[in-house]
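A quick write-up on the structure given underneath.
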Number of protein chains: 2
Amino acid sequence: MIMKKQKISLKHIAQSLGVSNTLVSLVLNHKGDEHGISKETQKKVYSKAEELEYMPSFMARGLRTGRSYTIGLILSDISNPFYSKMVRYMEDEAAKNEYSFLICSTDESPEKEKKTIKMLIDRQVDGLIISSSQSNPDFLSSLEDKKIPYVLIDRFFEDYPQANSIYVDNMRGIYKGIEYLVSEKYKRIAMFAITPIYISSIQERIDGYLKSLKSFGFDYGNELLVELDFHNLKQSIRSSLNYLIIESGEPIDAIFAINNNVAVASMQVLREMNLNIPNDIALLSFDDIELFQLTNPSISAISQPVEDISKAAVKRIFEIIKNPGSDPEHKTLQTELILRESTQKNK
Amino acid sequence: MIMKKQKISLKHIAQSLGVSNTLVSLVLNHKGDEHGISKETQKKVYSKAEELEYMPSFMARGLRTGRSYTIGLILSDISNPFYSKMVRYMEDEAAKNEYSFLICSTDESPEKEKKTIKMLIDRQVDGLIISSSQSNPDFLSSLEDKKIPYVLIDRFFEDYPQANSIYVDNMRGIYKGIEYLVSEKYKRIAMFAITPIYISSIQERIDGYLKSLKSFGFDYGNELLVELDFHNLKQSIRSSLNYLIIESGEPIDAIFAINNNVAVASMQVLREMNLNIPNDIALLSFDDIELFQLTNPSISAISQPVEDISKAAVKRIFEIIKNPGSDPEHKTLQTELILRESTQKNK
DNA sequence: TATTTATGCTAAATTGATTTAGAGTTGTTA
DNA sequence: TAACAACTCTAAATCAATTTAGCATAAATA
């Protein structure tokens with residue numbers, strides 16, 4: 001005869017002690033004192049719960065209270081090292097509060113993102129952390145309607161100040177990069193941006209590039225601003241480089257890649273073309289990833305504070321969950337310039 | 001006056017149509033025909049559900065049916081590119097069945113792993129996919145008791161055949177690597193393993209190394225088998241290399257790294273020591289990651305079929321969920337040797 | 001002695017779905 | 001005309017917790 005281990009519920013504790021479900025529930029939720037349950041009875045409940053290895057049913061509790069102890073996390077691709085690091089930090093931070101994550105990749109598809117948000121709402125997540133790929137904030141209204149807490153990271157919406165957000169100062173990050181390249185005597189600095197992705201961070205980096213050029217007195221305007229096809233990155237880089245280095249009269253001497261994907265692809269193409277980094281051309285990336293220490297040459301980068309972003313986002317989402325009425329907050333974090341070999345000419 | 005959007009439940013549909021909850025539930029679960037609900041009524045229910053944008057409550061359904069449409073995924077570290085790729089494949093595969101993942105990193109701590117499994121059981125996951133860091137399979141008995149479906153990946157337990165598993169042929173993978181190094185005339189091939197991690201995959205790779213050496217007629221036994229300290233990898237590699245290349249009479253001419261972490265760390269130390277790969281020393285990694293294409297020189301590797309592992313694991317867990325009584329299955333997948341620059345001497 | 005207060009607890013409703021067992025109506029057969 | 005089946009639908013229990021409203025009993029006060 002096989003003994004099936006039965007799932008232990010509140011009722012089992014109550015019955016074996018001869019008390020009511022209510023009492024057990026109150027005690028285990030630390031409301032015993034508040035409701036005048038005697039210390040003695042409380043102790044009995046605690047020790048019985050331990051003895052039976054009682055664990056409350058998430059489903060039952062969730063159904064009744066509306067809380068799932070789960071956060072939805074929406075990002076473009078978890079296999080991107082920038083995000084997988086982020087996830088790890090968030091996971092550790094949230095675990096302290098017994099929270100878990102449901103993680104969903106959207107591949108920068110606004111369509112997929114909307115569906116995912118709907119799905120996560122149906123799963124009654126207590127909050128959402130979103131790195132959005134939408135070009136406008138309309139989709140947030142459904143979250144506002146349903147009073148579901150959310151925090152935007154990485155991207156945000158200028159004309160939607162009621163959204164809580166963790167914000168990286170892209171403009172200033174780009175400025176630091178240009179400033180440094182200029183100090184290393186690079187003269188024709190191209191920005192390798194991407195299209196068709198309409199998100200704030202990309203737009204800000206482009207703006208930052210154009211403004212910084214001006215402030216350093218370069219007058220080539222947006223002549224060296226390249227909008228690469230995101231879905232066909234390498235081919236797009238090949239043809240751009242061909243023009244910018246070989247066909248155009250004045251070759252560029254530095255590439256500022258708008259994110260880590262673009263930097264990696266650029267490096268591959270430069271190697272194909274037998275161009276030496278940094279002597280023929282310098283390479284600077286926005287977004288630092290571990291890989292950049294290990295390539296030859298190692299790649300300089302504007303590093304985003306991934307750990308700070310992650311922790312701030314988790315911290316903030318918990319604050320809003322606890323205190324739903326609170327005013328929106330916008331936290332701004334700064335980037336750091338990491339100097340490596342790809343931007344320093346050999347003497 | 002603010003109109004709060006109310007969550008739509010079954011009851012709302014039933015009431016607005018003047019039928020019972022039962023009927024609505026049956027229809028929406030596609031059991032209408034089976035229970036003789038007229039086509040006409042079914043149509044009404046469907047269109048009302050659509051009109052009200054009804055979505056069933058996961059909590060309520062989960063409480064009643066015991067199913068959560070969620071899989072628990074346990075691995076050592078999601079920020080390791082090997083696992084983050086895996087997660088992405090699994091996520092896409094599971095989404096087809098409306099399933100989501102709760103992902104937990106254990107940092108190879110058996111303690112943490114046990115806690116995590118308990119937590120995931122409490123959350124009523126329908127199944128678990130586990131890359132375990134336990135040295136013995138005792139912890140699986142709690143899953144067996146509670147009849148919770150699970151699939152082991154990446155690591156498994158020899159004396160526990162009742163566990164479903166997706167298995168990579170480590171032994172044969174190592175053999176292919178050694179065979180290739182031998183064909184490239186490398187003579188003194190060291191294996192850089194790790195300790196203290198007692199998992200099957202590591203053990204098999206070590207065994208594979210020793211057996212392969214023998215079968216190619218090398219007689220240095222385990223003299224060149226190095227067990228590096230996992231928690232202090234770089235320092236450990238430095239001192240080993242110092243001995244193996246400089247102090248010992250006969251320097252090694254190739255390193256076989258037991259996984260991607262070890263390969264990356266070895267590459268860094270070799271560069272520090274100004275040793276040329278592949279002319280001074282060859283480097284071959286078990287586990288291929290994107291990075292290895294981008295370093296200079298690029299790194300040869302034994303590639304694990306990440307996509308196949310991921311899809312097979314998800315496919316299998318669904319099979320067991322649907323059919324809990326089925327016999328355990330052990331699927332074996334093969335590795336692939338990826339040739340790059342790090343193992344081919346320049347002429 | 002009658003009333004109030006405090007102490008320690010409980011019954012029952014609720015959450016939103018699924019599911020068992022069966023009810024009411026109409027039509028068919030003996 | 002009674003018995004039976006067929007068709008279409010429903011009441012109520014259930015899952016496991018939380019929470020509202022309030023019940024005994026004993027002690028304190030008037």
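Every chain is numbered from 1, with letters handed out A, B, ... down the list of sequences.
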request  = Using a heavy-atom cut-off of under 4.0 Å over every strand shown, decide if F58(A) touches base, sugar-phosphate, or nothing.
outcome  = nothing
query = With a 4.0 Å cut-off on heavy atoms, is K39(A) in touch with a base, just the backbone sugar-phosphate, or nothing at all?
reply = nothing
message = Quick one about E319(A) and S326(A) (side-chain donor to acceptor, distance below 3.5 Å, no hydrogens or angles considered), yes or no?
response = no
request  = Using the closest heavy atom to pick a nucleotide of DNA chain C for each, name whichever of N29(B) or A60(A) lands nearer the 5' end.
outcome  =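 Its nearest nucleotide being more 5', the pick is A60(A).
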Whole-Å distance between [N] [atom2] and [X] [atom1]?
{"X": "Y69(A)", "N": "dA17(D)", "atom1": "OH", "atom2": "P", "value": "14 Å"}
{"X": "L28(A)", "N": "dT18(D)", "atom1": "CG", "atom2": "P", "value": "8 Å"}
{"X": "R67(B)", "N": "dA16(D)", "atom1": "CZ", "atom2": "P", "value": "17 Å"}
{"X": "L63(A)", "N": "dT19(D)", "atom1": "CG", "atom2": "P", "value": "12 Å"}
{"X": "M59(B)", "N": "dA17(D)", "atom1": "CE", "atom2": "P", "value": "14 Å"}

message = So, OP1 or OP2 of dA17(D): does either fall under 4.0 Å of a side-chain N or O from S57(A)?
response = no
remark   = 5'-most to 3'-most nt of DNA chain C touching chain B (<4.0 Å, heavy-atom partner on protein side) reads dG16(C) to dT20(C)
Do NZ/NE/NH1/NH2 and the carboxylate oxygens of [X] and [Y] come within less than 4.0 Å?
{"X": "K39(A)", "Y": "D33(A)", "value": "yes"}
{"X": "K48(B)", "Y": "E51(B)", "value": "yes"}
{"X": "R88(B)", "Y": "D107(A)", "value": "yes"}
{"X": "R61(B)", "Y": "E98(B)", "value": "no"}
{"X": "K311(A)", "Y": "D92(A)", "value": "no"}
{"X": "K96(A)", "Y": "E93(A)", "value": "yes"}

query = Hey, what bend do you get for the helix from dT1(C)-dA30(D) to dA30(C)-dT1(D) if you fit axes on five pairs at each end, rounded to 10°?
reply =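 It comes to 80° between the two terminal axes.
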ask   = Would you say the side-chain atoms of T70(B) pair up with the backbone N or O of S68(B), donor to acceptor, closer than 3.5 Å?
value =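 Confirmed, T70(B) side chain pairs with S68(B) backbone.
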Backbone N/O of N21(A) and side chain of S25(A): donor-acceptor pair under 3.5 Å =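 Not confirmed, S25(A) side chain does not pair with N21(A) backbone.
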key: Side-chain heavy-atom pair F157(B), S200(B) within 4.5 angstrom cut-off   = no
inquiry  = In the structure I gave you, are the side-chain heavy atoms of Y150(A) and I129(A) within less than 4.5 Å of one another anywhere?
reply    =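 Heavy-atom side-chain distance check fails, nothing below 4.5 Å.
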ask   = What string of B, S and - do you get for nucleotides 9-14 of chain D 5' to 3' if you count protein non-hydrogen atoms under 4.0 Å?
value = BBBBBB
